[in-house]
Amino acid sequence: MLLSMWHIADALSAHDTFVDIRDGAARLEGVRFIANASAARYDLRYAYLYPDENPDGAREGVFISNGTDIIEVHGTDANEIINEVLETFDLHHRWETSLWEAASKGSLQNLIDQGYDALHNPIMIGNAESRVLAMTSAHAEMDLNPFWVEARQTGFVPAVVLGAPRFTEEGRPARWGHEPQVYVMEDGTRTIGAVLKQEGQRAGGIAVWEYATPILRSHVENMHLLCRVIESSGILGLHGASPRAVGAILSDLIDGKEIEAHLLHELDTGVAAPWQLAAVWSPMQDPDNYARNIVERFELAGVPCVPFARSEGAYVLAASGDCEKLVRKVLGDAARRTFAAVISLPFDDLGKLRLHHDLMDFVRDGLSERCAVVEARDCALPYMLEGLDCAMPTTDLVHPALAVLARYDAETHSELIRTLQVYLANERNHVRTAAELGLHRNSLAHRIRRIEELTGIDFNNVDERFFLELSLRLTTHV
């Protein structure tokens with residue numbers, strides 16, 4: 001991979017320079033020397049060098065241009081500047097050669113150690129499941145930041161890094177992509193990151209962490225070359241997820257595919273029923289960046305479970321007594337700030353998996369961008385009510401007393417429906433109801449009698465109370 005004008009600009013940054021790089025994408029094959037700007041017949045493949053014609057002769061300088069981008073360098077020795085430009089070409093060529101030599105020997109560790117020579121900052125590579133495959137030797141035992149320490153201790157790229165929000169240098173939210181780019185973490189940590197692919201599949205990721213040397217634009221260009229060597233050489237390999245036949249079947253059930261009941265009955269999940277299903281996702285990042293990492297963490301947690309990845313995130317099937325503890329253990333306190341999880345109701349029939357997943361989707365929609373670990377049971381009733389309302393016009397079938405009380409409230413500006421709702425919610429306890437409504441008990445008793453007179457409700461009838469409570473829930477939900 002050839003140099004760009006950014007390499008030259010960064011190499012000469014110790015001098016007094018003026019840089020106007022509008023494109024920077026052109027790759028330079030070499031240098032051509034000309035007498036002055038008028039003598040140039042620009043070819044984007046070359047950097048044209050000519051002396052800065054300074055009338056007072058006080059300072060020497062050099063203009064460097066490829067016809068689009070311009071670097072103006074002032075110094076006391078034009079020859080020194082020219083030599084530095086030539087040395088930049090030579091160093092880059094030797095560095096690229098060293099990368100290909102390291103790759104040809106099959107040593108990923110040696111390859112990223114060679115990468116450090118031009119990136120000047122710690123480098124980490126992980127596979128598709130975010131296992132750490134290599135860290136620069138010079139920094140492996142250093143406590144650079146909490147992310148680096150956790151990666152060294154656990155052998156995984158931290159889940160909080162994979163799922164956390166990251167931004168461009170301009171402050172716009174960003175997601176990791178195949179092209180190397182500078183990202184800024186929430187705590188201000190700057191990195192260059194990229195997704196690595198082989199044979200069209202995601203094979204891993206690479207990150208350079210700003211530590212001793214500020215990240216420069218030429219470092220991004222160098223990262224392009226490092227990624228190209230890794231991908232072209234095949235050194236990373238396709239470290240895909242191990243086969244998960246049971247997880248694939250569970251995913252099929254979620255998608256609504258029909259599987260014969262006797263086959264499901266014979267399916268050995270390795271987990272004792274009743275089960276719970278948990279879904280884990282990051283509102284800030286693409287699942288490709290973290291799902292397989294979370295799946296492998298579930299596998300290594302020491303709890304019987306069936307983890308699997310889907311397009312919307314990571315999933316795990318576990319015993320109902322283990323599921324919540326497993327999710328909280330895998331995510332940890334830091335990761336829970338960047339991940340959300342929903343845990344299903346317990347069930348013992350895999351044929352009902354899609355029903356439970358639909359409820360989890362309902363909960364997920366309600367969470368929106370919020371990160372939390374929640375249980376589906378907390379939202380089961382609103383989900384049932386929504387299902388009832390979709391199946392039939394339930395609001396037309398509510399207890400007729402509500403219409404009577406609504407008209408009375410509108411005409412008299414009273415609050416009999418509110419009184420009825422609180423009275424039933426407090427299981428007809430007059431003391432608690434009066435306290436919640438801010439009424440004297442005698443005033444409450446008067447309201448209850450008025451409700452009975454207007455509607456004929458029999459509060460001692462358990463079926464009627466249930467009908468009223470359901471009707472109130474339906475109308476409140478709508």
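What you see below is based on every heavy atom in this structure, not just the backbone, and it leaves out hydrogens, waters and symmetry mates.
Listed by chain and residue number, Lys257 satisfy the salt bridge (Lys or Arg N to Asp or Glu O under 4.0 Å) test with Asp252 (two or more places apart in sequence, or in another chain). Here Glu72 pairs with nothing under the salt bridge (Lys or Arg N to Asp or Glu O under 4.0 Å) rule; sequence neighbours left out. For Thr17, the side chain to side chain contact (heavy atoms under 4.5 Å, CB included) partners two or more places apart in sequence, or in a different chain, are Leu12, His15, Val19, Val73. Residues passing the salt bridge (Lys or Arg N to Asp or Glu O under 4.0 Å) test with Glu84, sequence neighbours excluded: none. By the ring pair (Phe, Tyr, Trp, His ring centres under 6.0 Å) test, Tyr42 pairs with Tyr48, sequence neighbours left out. Qualifying ring pair (Phe, Tyr, Trp, His ring centres under 6.0 Å) partners for Tyr50, counting only residues two or more places apart in sequence or in other chains: Phe63. Qualifying salt bridge (Lys or Arg N to Asp or Glu O under 4.0 Å) partners for Asp378, counting only residues two or more places apart in sequence or in other chains: none.
Inter-residue side-chain proximity for Thr189 and Val184 is flagged as unmet; no heavy-atom pair is nearer than 4.5 Å. Proximity of Glu96 to Leu225: side-chain heavy atoms (C-beta onward) are separated by under 4.5 Å at one or more points. You'll find the side chain of Phe308 reaches within 4.5 Å of the side chain of Leu250, heavy atoms only. No side-chain heavy atom of Val132 sits under 4.5 Å from any side-chain heavy atom of Thr154. Side-chain contact between Tyr290 and Val157 is absent, with no heavy-atom pair separated by less than 4.5 Å. Under the 4.5 Å side-chain criterion, counting only non-hydrogen atoms from C-beta, Trp275 is not in contact with Val306. The side-chain heavy atoms of Leu216 and Trp6, taken from C-beta on, include no pair separated by under 4.5 Å. In this structure, Leu331 and Val280 have side chains that are in contact, with non-hydrogen atoms separated by less than 4.5 Å.
When all heavy atoms are compared, the tightest approach of Ser98 to Gln114 is OG-OE1, 3.2 Å. Heavy-atom minimum distance, Ile8 versus Phe89: CD1-CE1, 4.0 Å. In terms of heavy atoms, Met142 sits closest to Trp148 at O-CD1, 3.2 Å. Contact between Asp10 and Ser218 at its shortest, heavy atoms only, is OD2-OG, 2.6 Å. In terms of heavy-atom proximity, Ala314 sits nearest to Ala291 at CB-O, 3.7 Å. Leu253 and Arg354 get closest at one heavy-atom pair: O-CB, 3.5 Å.
Note on residues 131-147: pairs passing side chain to side chain donor-acceptor pair (under 3.5 Å), not counting sequence neighbours, are Gln109-Ser137, Asp113-Ser137, Arg131-Glu296, Thr136-His139, Asp143-Arg152. Sorted by first and then second residue, the salt bridge (Lys or Arg N to Asp or Glu O under 4.0 Å) pairs with a member in residues 116-125 form an empty list; sequence neighbours excluded. Residue pairs meeting the salt bridge (Lys or Arg N to Asp or Glu O under 4.0 Å) criterion with at least one member in residues 271-284, sequence neighbours excluded, do not occur.
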Starting from the C-alpha separation in whole Å, work towards a yes-or-no answer on side chain to side chain contact (heavy atoms under 4.5 Å, CB included) for Ile343 and Val374. CA-CA 6 Å; Ile343 301 169; Val374 298; over 6 Å; no

### Worked verdict on Leu111 versus Leu226 for side chain to side chain contact (heavy atoms under 4.5 Å, CB included)
CA-CA 9 Å; Leu111 181 57; Leu226 181 57; 4.2 Å; yes

| request: Take Leu49 and Ile34 through the test side chain to side chain contact (heavy atoms under 4.5 Å, CB included) and record every step on the way to the result. | output: CA-CA 6 Å; Leu49 277 70; Ile34 56 177; over 6 Å; no

Requested in this report: Assess whether side chain to side chain contact (heavy atoms under 4.5 Å, CB included) is satisfied between Val182 and Arg217, documenting all intermediate values.
Outcome: CA-CA 9 Å; Val182 177; Arg217 180 59 186 266; over 6 Å; no

Do any side-chain atoms of residues 356-363 form donor-acceptor pairs under 3.5 angstrom with protein atoms, and if so which ones, sequence neighbours left out?
| from | atom 1 | to | atom 2 | distance (Å) |
| --- | --- | --- | --- | --- |
| His357 | NE2 | Tyr315 | OH | 2.8 |

Which pairs would a plain distance check flag for residues 206-213, meaning a side-chain donor or acceptor within less than 3.5 Å of a matching protein atom at least two apart in sequence or in another chain?
| from | atom 1 | to | atom 2 | distance (Å) |
| --- | --- | --- | --- | --- |
| Glu210 | OE2 | Arg190 | NH1 | 2.4 |
| Glu210 | OE2 | Ile215 | N | 2.8 |
| Thr213 | OG1 | His120 | O | 3.4 |

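Atom CG of Asp16 sits about 9.5 Å away from atom CD1 of Ile81, to the nearest 0.5 Å. To the nearest 0.5 Å, the span separating SG on Cys227 from CD1 on Ile125 amounts to 8.0 Å. Note that NE2 of His219 and CG of Leu119 are 6.5 Å apart. Values are rounded to the nearest 0.5 Å. A distance of 6.5 Å separates CG of Leu350 from CG of Leu317, quoted to the nearest 0.5 Å. Here OG1 of Thr191 is found 9.5 Å from CD of Gln181. Values are rounded to the nearest 0.5 Å. Taken from SG in Cys323 to CZ in Arg328, the straight-line distance is 11.0 Å, to the nearest 0.5 Å.
Defined by atom type and a distance below 3.5 Å, a donor-acceptor pair is missing between the side-chain atoms of Gln276 and Ser320.
Considering Asp69, Ile71, Ile70, Ile82 in turn, Ile71 is the only one that fulfils the side-chain contact (heavy atoms from CB on, under 4.5 Å) rule with Ile64.
In His178, the NE2 atom is crowded: over 12 heavy atoms of neighbouring residues, nucleotides or ligands sit closer than 6.0 Å.
Remark: side-chain polar atoms of Lys329 are paired, donor with acceptor, to backbone N or O of Ala301 under 3.5 angstrom.
Both tests do not hold together for Arg172 against Phe167: distance to the six-membered ring centre under 6.0 Å, angle to the ring axis within 45°.
Ionic pairing of Arg310 and Asp255 is present here: one or more N-O contacts between side-chain nitrogen and carboxylate oxygen are shorter than 4.0 angstrom.
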